[in-house]
Undergrad: 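First the structure, which I've put down as structure tokens, then a few questions once you've had a look.
Chain letters run A, B, ... following the sequence lines, proteins first, then strands; residues in each count from 1. Here the structure is a predicted model, which means the values were calculated and not measured.
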There are 2 protein chains.
Amino acid sequence: MQRENLRRSNRERTDATRAALMAAARALFIEKSYAETATPEIVAAAGVTRGALYHHFADKQALFRAVVEQEAAAVAAGIGQATPDTKNARQALLDGGLAFLSAMAKPGRTRLLLLDGPAVLGRAAMDEIDARHGARTLREGLEAAMREGSMKPVPLDALTVLLSAAFDRAALSIEAGMAREDVVETLGALVGGLFPPQP
Amino acid sequence: MQRENLRRSNRERTDATRAALMAAARALFIEKSYAETATPEIVAAAGVTRGALYHHFADKQALFRAVVEQEAAAVAAGIGQATPDTKNARQALLDGGLAFLSAMAKPGRTRLLLLDGPAVLGRAAMDEIDARHGARTLREGLEAAMREGSMKPVPLDALTVLLSAAFDRAALSIEAGMAREDVVETLGALVGGLFPPQP
DNA sequence: TTGCATACATACAGCCTGTATGTTAATTAA
DNA sequence: TTAATTAACATACAGGCTGTATGTATGCAA
């Protein structure tokens, strides 16, 4: 009856157990927040014991970090896939932004990446995480636009961070019920304002 | 020895105890985050017992909410004080933004209002809190600018939320070590972009 | 001054996290 | 192939924390 586990290599068992833990944790963290989710619940949902959890992850926070990291990678993948980058810089930026909003529309991602993530891991850690995954997209888009000369020259790091914050809040607001079209129009105005009209 | 408390009215005792609890909690929440601060620490720092805490606040989260509310009010007061609103709409917006950044520079405010607040109380609750205190400033500034006709017409709610997010992240970034002048310049470009050049 | 409400202090129950210890199966060395 | 080692768990335990229940003393109102 338990035999299903027996004839698997260690590597397979590890992968399966970690995946089960991360899936269960993800669902609960989304449903009830990190703080209100207890490890006994997680392991029950994953069908393992707390021993397995603490064997594979240093502590509850490490499990959370793994989930967040996986989610950030998924968002980055969603954006990268939807960006054929064959247009002018301004349009590419907006298209990337829309892809970001679509990716963030998957339920729970805003809570993991924008609410609990910064509080549990710290903003510096979150910055590092999405610098490693997605944020390059935005930064490179802005850099390209500035080099091409169509955009006002402003400090690149600061602009990346501030626009990123606006897109983050855009995702949050849409999830909270604000009209997506209004949010998108406003993002367009914000980004468009950085491109002076051609004489 | 304990006599200092005895000859005070109930109202005075309540005020003093609540203030002591909130001050102690504020310091610890800032130093170590909400999650890592235990109520025994708080009451020890405040010089009372947990009985007093749970007499005056429903639970730990209610104490946190009171601290956050107080802090939001302080920020709003700081902004309101520094805004003589005698200039054009665009300059008034930027001045208000600078006042916001100065107010948020007080140590710990970013953690309370921008990191732990949204995670512990939820973004909806935070929105409601600073709608009740500060956010009106920004919203009204934008509304004035749009009515005056100098600013592009965009959905007001969306613009308020997105610019607010940018200012929030600006405060966070400055605290994290980013050059304030770069951040301010970029905010100026972002806001300025919403004002089309006069022909 | 008598009775009730307020402002606490103390004690307790349940839960949660992280660690220590034990057991079985897979891997590696001989 | 077998012996030794390590990985992958499961179980038991120690401390700490939260919220509640209960007890007590002081302010206040009649």
Side-chain angles (χ1 to χ4, degrees), chain A residues 1-25 27-29 31-68 116 119-121, chain B residues 1-25 27-29 31-68 116 119-121:
Chain A
M1 203 173 189
Q2 298 266 58
R3 285 256 141 202
E4 45 181 323
N5 274 351
L6 290 189
R7 271 299 128 189
R8 286 193 297 181
S9 73
N10 275 347
R11 176 61 185 274
E12 286 170 326
R13 294 182 66 184
T14 290
D15 289 351
T17 301
R18 286 184 58 107
L21 281 168
M22 286 175 65
L28 288 164
F29 289 157
E31 184 195 333
K32 328 195 317 175
S33 87
Y34 172 80
E36 284 162 23
T37 301
T39 55
E41 286 177 284
I42 298 173
V43 298
V48 300
T49 66
R50 296 182 65 244
L53 196 169
Y54 282 89
H55 177 72
H56 288 289
F57 299 93
D59 53 18
K60 185 185 168 191
Q61 184 174 314
L63 171 58
F64 178 72
R65 180 185 295 265
V67 170
V68 164
D116 283 356
V120 174
L121 305 176
Chain B
M1 202 169 193
Q2 297 264 57
R3 284 256 141 200
E4 44 180 327
N5 274 351
L6 290 191
R7 270 299 127 187
R8 287 192 296 181
S9 74
N10 274 348
R11 177 60 185 273
E12 286 169 326
R13 294 181 65 184
T14 290
D15 289 350
T17 302
R18 286 183 58 106
L21 281 168
M22 286 174 65
L28 287 163
F29 288 157
E31 183 195 332
K32 327 193 321 173
S33 89
Y34 173 80
E36 285 162 23
T37 301
T39 55
E41 285 178 286
I42 297 172
V43 299
V48 301
T49 66
R50 295 182 66 244
L53 195 168
Y54 282 90
H55 178 72
H56 288 290
F57 299 93
D59 52 18
K60 185 185 167 190
Q61 184 175 314
L63 171 59
F64 179 72
R65 181 185 296 266
V67 170
V68 164
D116 283 357
V120 174
L121 304 176

Undergrad: Do the side-chain N or O atoms of B:H55 get closer than 4.0 angstrom to the phosphate oxygens (OP1, OP2) of C:dA7?
TA: yes
Undergrad: Just how far, in rounded Å, is P of D:dG19 from CD of B:Q61?
TA: 9 Å
Undergrad: By nearest atom, which of the nucleotides D:dG19, C:dA7, C:dG18 is closest to the B:Y54 side chain?
TA: D:dG19
Undergrad: Tell me which residues in residues 35-46 of chain B lie within less than 4.0 Å of DNA chain C, going by non-hydrogen atoms.
TA: none
Undergrad: Expressed as a whole number of angstroms, how long is the span from B:R8:CZ to C:dC8:C1'?
TA: 12 Å
Undergrad: Mind calculating the distance between CZ (B:R50) and C1' (D:dA21) to the nearest angstrom?
TA: 13 Å
Undergrad: Measure from the side chain of B:R13, starting at C-beta and using heavy atoms only, and say which of D:dC28, D:dG19, C:dA7 lies closest.
TA: C:dA7
Undergrad: Rounded off to whole Å, could you give me the CG-to-P distance for the B:L53 and D:dA21 pair?
TA: 17 Å
Undergrad: To the side chain of B:V48, which of C:dT19, D:dA8, C:dA9 is closest?
TA: C:dA9
Undergrad: Could you please name the option among C:dA7, C:dG18, D:dA8 that lies closest to any side-chain atom of B:H56?
TA: C:dA7
Undergrad: Let me know the distance between CZ of B:R11 and P of C:dA5, rounded to the nearest Å.
TA: 20 Å
Undergrad: A:S33: what forms a side-chain hydrogen bond (donor to acceptor under 3.5 Å, both in side chains) with it, not counting sequence neighbours?
TA: none
